[in-house]
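Report on the structure given below.
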2 protein chains.
Amino acid sequence: MTPPARSNEVSGSAADGPRTPALSVIERARRGGRTSDKVFEQLMEAIRGLRLLPGQPLSETELARELGVSRTPVREAIARLADAGLVDVVPQVGTTVSVIRLAEVEEARFIRESLEVAALKDAVPLSAADAAGLREVIERQRKALDAGDLEGFFGLDEALHERIFTLSGHRGAWTTVQRTKVHLDRMRRLVLPDRALIAEVIAEHDGIVDALESGDVATAERRVRAHAGRVPHLKGELQRDFPGYFA
Amino acid sequence: MTPPARSNEVSGSAADGPRTPALSVIERARRGGRTSDKVFEQLMEAIRGLRLLPGQPLSETELARELGVSRTPVREAIARLADAGLVDVVPQVGTTVSVIRLAEVEEARFIRESLEVAALKDAVPLSAADAAGLREVIERQRKALDAGDLEGFFGLDEALHERIFTLSGHRGAWTTVQRTKVHLDRMRRLVLPDRALIAEVIAEHDGIVDALESGDVATAERRVRAHAGRVPHLKGELQRDFPGYFA
DNA sequence: CGCGGAATACTTGTATGCAAGTATCCACCC
DNA sequence: GGGTGGATACTTGCATACAAGTATTCCGCG
């Protein structure tokens with residue numbers, strides 16, 4: 001396993017030269033909010049999107065330089081990320097992007113599956129309008145797949161499941177699910193190039209909405225459980241194809 | 001509603017004079033770990049234990065002075081607390097302990113109930129030894145109640161439910177539950193003086209273990225749901241008795 | 001007495017400097 | 001050549017100083 005060398009590269013146009021007079025930071029802060037939050041979100045998105053790879057070492061100093069800010073907001077962001085389990089900080093040694101811990105993946109699967117099953121029971125019966133809304137998201141997923149827009153597919157997948165939670169009246173639970181499934185999401189990214197699998201996923205979505213629409217709770221539950229377990233089931237294969245990414 | 005005036009009082013022996021030569025901090029750090037973590041845990045425990053009241057204003061400066069540290073670790077701790085929804089930070093205005101948001105209480109109830117029901121299905125059948133272990137915890141709860149040790153009762157309650165999760169093989173899910181139910185925990189603290197209610201809770205625990213031991217999943221599920229919904233059901237009464245604590 | 005405005009005293013956000021510890025690398029010795 | 005020791009270059013943790021903004025308070029005025 002070759003350590004990817006310390007080159008963080010968070011933002012697409014990173015390393016925008018040494019010219020970042022800190023005033024632009026203040027400007028950004030005025031309009032957009034706290035720089036600390038921005039750094040947090042950037043890092044979060046970079047990790048979830050595998051632009052920062054599992055196990056990759058991070059450096060507060062270098063990160064601060066690349067983003068054109070001081071170490072302080074970077075440190076706060078990293079502290080929050082560490083709390084969420086996305087980075088591992090070893091005092092006086094270094095910080096690394098956390099590897100994908102299979103234990104947490106399994107935990108996320110259990111939580112996601114349990115909560116989604118519990119939610120769908122409060123979502124049925126589904127109104128015709130709501131069902132149509134879900135169908136439309138699935139249709140857009142299909143188009144994204146055809147266009148090769150895997151990123152778009154991913155976002156729509158999130159949107160679909162969030163929508164189901166919202167319809168059940170437990171939208172808040174989706175926030176919790178999202179927080180716990182970061183490791184699982186990274187695993188999903190790894191299997192993303194598999195177009196055949198994506199097609200299957202879309203078919204499963206259709207099947208779930210079918211069951212919800214017809215009010216068949218038992219079938220919906222069975223299909224949701226199968227759906228939630230699909231990616232975690234590939235752990236063996238993925239661990240073989242991506243050594244060093246897992247723990 | 002009278003704002004409790006800015007006197008944080010986190011540690012029991014707070015305000016230990018202006019004599020805290022910062023070296024003691026380093027000493028503490030050497031043995032105990034990062035001061036940032038200590039501050040985080042102290043604040044966390046203070047909020048959960050209602051020593052810091054809902055809505056109470058906090059001041060980074062004052063907090064740092066009382067704890068004998070600088071603002072930096074306090075800020076990191078507060079950032080993490082804000083992420084967990086325990087404090088509300090308004091830039092350039094102030095920080096307050098978050099009020100008990102009933103929406104989050106309801107969300108926590110849903111999550112706790114759903115996950116515990118899902119877990120118990122993987123916990124049965126319960127071995128005799130495991131059942132005895134749970135019984136022993138309940139017995140200690142009874143003793144704590146008799147001794148008037150409400151704090152001890154609280155800890156044992158946590159221990160019992162954690163144990164059930166552990167027996168189900170989903171101990172990791174307990175961590176998530178604990179993170180989401182902070183608001184709910186504060187509500188439980190408010191009803192803590194009600195000895196009759198506590199006795200009922202203990203009886204419910206007995207009933208749940210009974211059902212688990214006999215392998216009666218349906219009954220166990222029904223009892224767990226009733227148990228999880230007990231405190232949230234008191235929201236109206238509590239909101240009346242403690243105005244200003246809720247939102 | 002009521003109202004307006006400016007100075008003031010707070011707040012959090014950011015940048016920077018220093019301290020302490022660890023891993024690495026290179027020279028030196030056996 | 002192999003092993004050992006020390007200097008060095010990193011790392012993160014903490015403290016402090018400064019910046020920017022907001023709420024308050026108090027004084028002056030009508």
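Chain A is the first sequence line, chain B the second, and so forth, proteins listed ahead of strands; every chain is numbered from 1. In this text, all values refer to a predicted model and were calculated from it rather than measured experimentally.
Salt bridge absent: B:Glu41 and B:Arg48 never bring a charged side-chain N and a carboxylate O closer than 4.0 Å. Ion pairing of A:Glu158 with A:Lys181 is present here, as a side-chain N (NZ or NE/NH1/NH2) and a carboxylate O approach within less than 4.0 Å.
For residues 74-87 of chain B, proximity to DNA chain D is found at no residue, defined as any non-hydrogen atom under 4.0 angstrom from a strand atom.
No side-chain donor from either of B:Thr180 and A:Arg179 sits under 3.5 Å from a side-chain acceptor of the other.
If you measure from atom CD of B:Gln92 to atom P of D:dC18, you get 18 Å, rounded to the nearest angstrom. For the pair A:Leu63 CG and D:dT11 C1', the interatomic distance rounds to 14 Å; values are reported in whole Å. Taking atom CZ on A:Arg65 and atom P on C:dA15, their separation rounds to 15 Å, with Å as the unit. If you take CD of B:Glu62 and P of C:dC10, they are 11 Å apart, rounded to a whole angstrom.
Of all nucleotides listed (D:dA15, D:dT12, C:dG13), C:dG13 comes nearest to the side chain of B:Glu60. Relative to the side chain of B:Val69, the nucleotides C:dT22, D:dA15, C:dT12 differ in distance, and D:dA15 lies closest. Relative to the side chain of A:Ser70, the nucleotides C:dT16, C:dT12, D:dT12 differ in distance, and C:dT16 lies closest. Taking only side-chain atoms of A:Thr72, from C-beta outward, the nucleotide of C:dG13, C:dA15, D:dG13 with the closest atom is C:dA15. Listed nucleotides D:dC18, D:dG13, C:dT11 differ in distance to B:Arg34; the shortest reach to its side chain belongs to D:dG13. In this structure, of D:dT12, C:dG13, D:dT22, it is D:dT22 that holds the atom nearest to the side chain of B:Val93. Across D:dT12, C:dT16, D:dA20, the shortest atom-to-atom separation from the side chain of A:Pro91 is found for D:dT12. You'll find that the side chain of B:Arg71 is closest to D:dC18, out of D:dG21, C:dA20, D:dC18.
At the phosphate of C:dT12, OP1 or OP2 sits under 4.0 Å from a side-chain N or O atom of B:Thr95.
Each of A:Leu52, A:Ile78, A:Thr96 was scored for a side-chain contact (heavy atoms from CB on, under 4.5 Å) with A:Val87, with one residue passing: A:Ile78.
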Test side-chain contact (heavy atoms from CB on, under 4.5 Å) applied to B:Tyr245 and B:Met187, step by step
CA-CA 9 Å; B:Tyr245 282 13; B:Met187 225 169 124; over 6 Å; no
Please test B:Arg188 against B:Asp194 for salt bridge (charged side-chain N to carboxylate O under 4.0 Å, His left out), starting from the C-alpha separation and ending with a verdict.
CA-CA 10 Å; B:Arg188 280 165 51 183; B:Asp194 189 339; over 6 Å; no
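Taking the six-membered ring for Trp and the full ring otherwise, A:Phe110 and B:His170 have centroids separated by under 6.0 Å.
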